[in-house]
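Read the structure below first, then the notes.
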Amino acid sequence: MSFEFSTVRSDEHPAIAALLHGSLVHWYESKLRQGYRFGDSPDPFLIFPQVYEALDPGEAMVAREKEGGQILGVCFVHRRETHFAVGIVATLPDAGARGVARAMMQEAIKRAEAEGKPVRLVSSLLNLDSYSLYTKMGFVPRTIFQDLMMAVPEGGMTVQAPQGVDRVRVARADEASALADFEASLQGIRREKDYAFFLEDRVGLWKVWVSEGGDGRINGVLVVSLNAAMPMLGPGVAGDEAAALAMIWTALNELGGKSYVLLAPAAAAGLVRTLYGWGARNIELHVAQAYGDTPEGSGIVFPTFLPESA
Ligand SMILES: CC(C)(COP(=O)(O)OP(=O)(O)OC[C@H]1O[C@@H](n2cnc3c(N)ncnc32)[C@H](O)[C@@H]1OP(=O)(O)O)[C@@H](O)C(=O)NCCC(=O)NCCS
């Protein structure tokens, strides 16, 4: 099969949504009998090309058949100040196991290496095919995350507020740089454009909370995706578990009546225990993977899938 890489055209967003939905349903149904996880309709997946096009115009990559131009695969590549990040990678079920995903990843690595940057991503530990795709190419697994589903009653949280909720506030519109600096100070990666995107809130629906320490300095940031297709807490980063829990509780309390997914570092034992106490259920496991040298980082980090953060 011969294919070439190109960008995603805006009139192709429905085709990309159908590819994402179709490949996920096919893989999870055929391997795990869990295709139902992704629903019956591709429409919610439109948010992926829409958000990436708004955030990184022209950077998402498709593998296109040379003859006929059919899209065989998509890979959301995302250039950041300190690294390249890769979001969801998917290929048409009919084009599976023929090297399409590997070729797209090779192209992503090539782009990153041209700028001397590492590549970072988060991969499912239920999907050993994608896990293996990355590790075979030289990615190295790092932090393990538990995907925790948190169902919040209509009226908000019924469990007692943790300490520090009085120091949680909504982020200001002009804080993108300060939030990026805070993340860089703990994680060693910087992505101001992402924070500006969340704060501008042009495509999708986002809310950003900040926690301040006793000295008034930022000690946590938590973005929440209110997109109907992907209700998630994250991306976020906090200096310690207490700041993380104060932001999570505040966000959930205000957004009652729905279920949200949060990827919590499995090693943050106190935080995970508290979230279990708040009713959290494990629904999947993910692992951060990195290609090339990238800092280990400190603090508590909450990655997401849209836009991917690692
Ligand atoms: C995961 C997915 C993208 C792989 O796409 P693909 O086009 O079939 O993959 P490729 O043929 O390019 O390469 C797969 C590589 O992984 C290897 N691989 C796959 N499963 C493996 C396993 N269980 N153990 C070891 N290696 C494995 C293959 O051998 C191949 O490596 P090679 O190129 O060195 O031979 C595809 O199955 C898919 O779209 N799944 C649904 C969407 C999804 O879950 N995406 C990942 C989440 S972000």
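All ligand and atom numbering here is 1-based and tracks the order in the structure. Values in this document were obtained by computation on a predicted structure and should not be read as measured data.
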message = Give me the nearest non-hydrogen protein atom to atom 41 (C) of ligand 1 as residue plus atom name, then the distance to 0.1 Å.
response = Ser23 O, 3.5 Å
inquiry  = Any nitrogen or oxygen of Arg102 lying under 3.5 Å from a nitrogen or oxygen in ligand 1? Just yes or no.
reply    = yes
query = Considering only protein heavy atoms, which is closest to atom 27 (C) of ligand 1, and at what distance to one decimal place?
reply = Ser132 CB, 3.3 Å
Carboxylate-amine/guanidinium proximity below 4.0 Å for Lys207 and Asp201 = no
inquiry  = For ligand 1 and Ser130, I'd like to know whether there is a polar contact (N/O to N/O, distance under 3.5 Å).
reply    = no
message = Considering only residues two or more places apart or on different chains, which pairs with a residue in residues 116-131 satisfy salt bridge (charged side-chain N to carboxylate O under 4.0 Å, His left out)?
response = Lys31-Asp129, Glu115-Lys117
query = Non-hydrogen atoms of Gly99 versus ligand 1: any pair closer than 4.0 Å?
reply = yes
ask   = In the protein, which heavy atom is nearest to atom 14 (C) of ligand 1, and how far is it?
value = Leu133 CD1, 4.0 Å
Among Leu121, Leu306, Leu20, side chain to side chain contact (heavy atoms under 4.5 Å, CB included) partner for Ile88 = Leu20
Donor-acceptor pairs under 3.5 angstrom involving side-chain atoms of residues 214-234: please list them, not counting sequence neighbours.
{"residue": "Asp215", "atom": "OD1", "partner": "Arg217", "partner atom": "N", "Å": "2.9"}
{"residue": "Asn219", "atom": "OD1", "partner": "Ser211", "partner atom": "OG", "Å": "2.6"}
{"residue": "Ser225", "atom": "OG", "partner": "Asn227", "partner atom": "N", "Å": "3.4"}
{"residue": "Ser225", "atom": "OG", "partner": "Asn227", "partner atom": "ND2", "Å": "2.9"}
{"residue": "Ser225", "atom": "OG", "partner": "Met230", "partner atom": "O", "Å": "2.7"}
{"residue": "Asn227", "atom": "OD1", "partner": "Leu205", "partner atom": "N", "Å": "3.1"}

query = Does Ser298 reach the main-chain N or O of Leu186 with its side chain, forming a donor-acceptor pair under 3.5 Å?
reply = yes
note = Of all protein heavy atoms, the one nearest atom 20 (N) of ligand 1 is Asp129 OD1, 3.1 Å
inquiry  = Tell me the contacting part of Lys136 for ligand 1: side chain, backbone, both, or neither, using a 4.0 Å heavy-atom threshold, strictly below.
reply    = side chain
Region of Asn127 that comes within reach of ligand 1 [heavy atoms, distance under 4.0 Å] = side chain
inquiry  = Counting only nitrogen or oxygen atoms and a 3.5 angstrom limit, does Val89 reach ligand 1?
reply    = yes
message = Can you confirm, on distance only, whether ligand 1 has an N/O atom lying under 3.5 Å from any N/O atom belonging to Ile88?
response = no
task = Record the part of Arg98 in heavy-atom contact with ligand 1 below 4.0 Å; permitted values are side chain, backbone, both and neither.
result = backbone
message = Can you confirm whether or not the ring centre of His21 sits under 6.0 Å from the ring centre of Phe45?
response = yes
ask   = Do any N or O atoms from the side chain of Asn253 and from the backbone of Gly156 form a donor-acceptor pair under 3.5 angstrom?
value = no
key: Pair Lys258 + Glu154: basic N to acidic O under 4.0 Å   = no
inquiry  = Below 3.5 Å, N or O to N or O, backbone or side chain included: is there any such pair between Ala101 and ligand 1?
reply    = yes
ask   = Is the centre of the His13 ring less than 6.0 Å from the centre of the Phe48 ring?
value = no
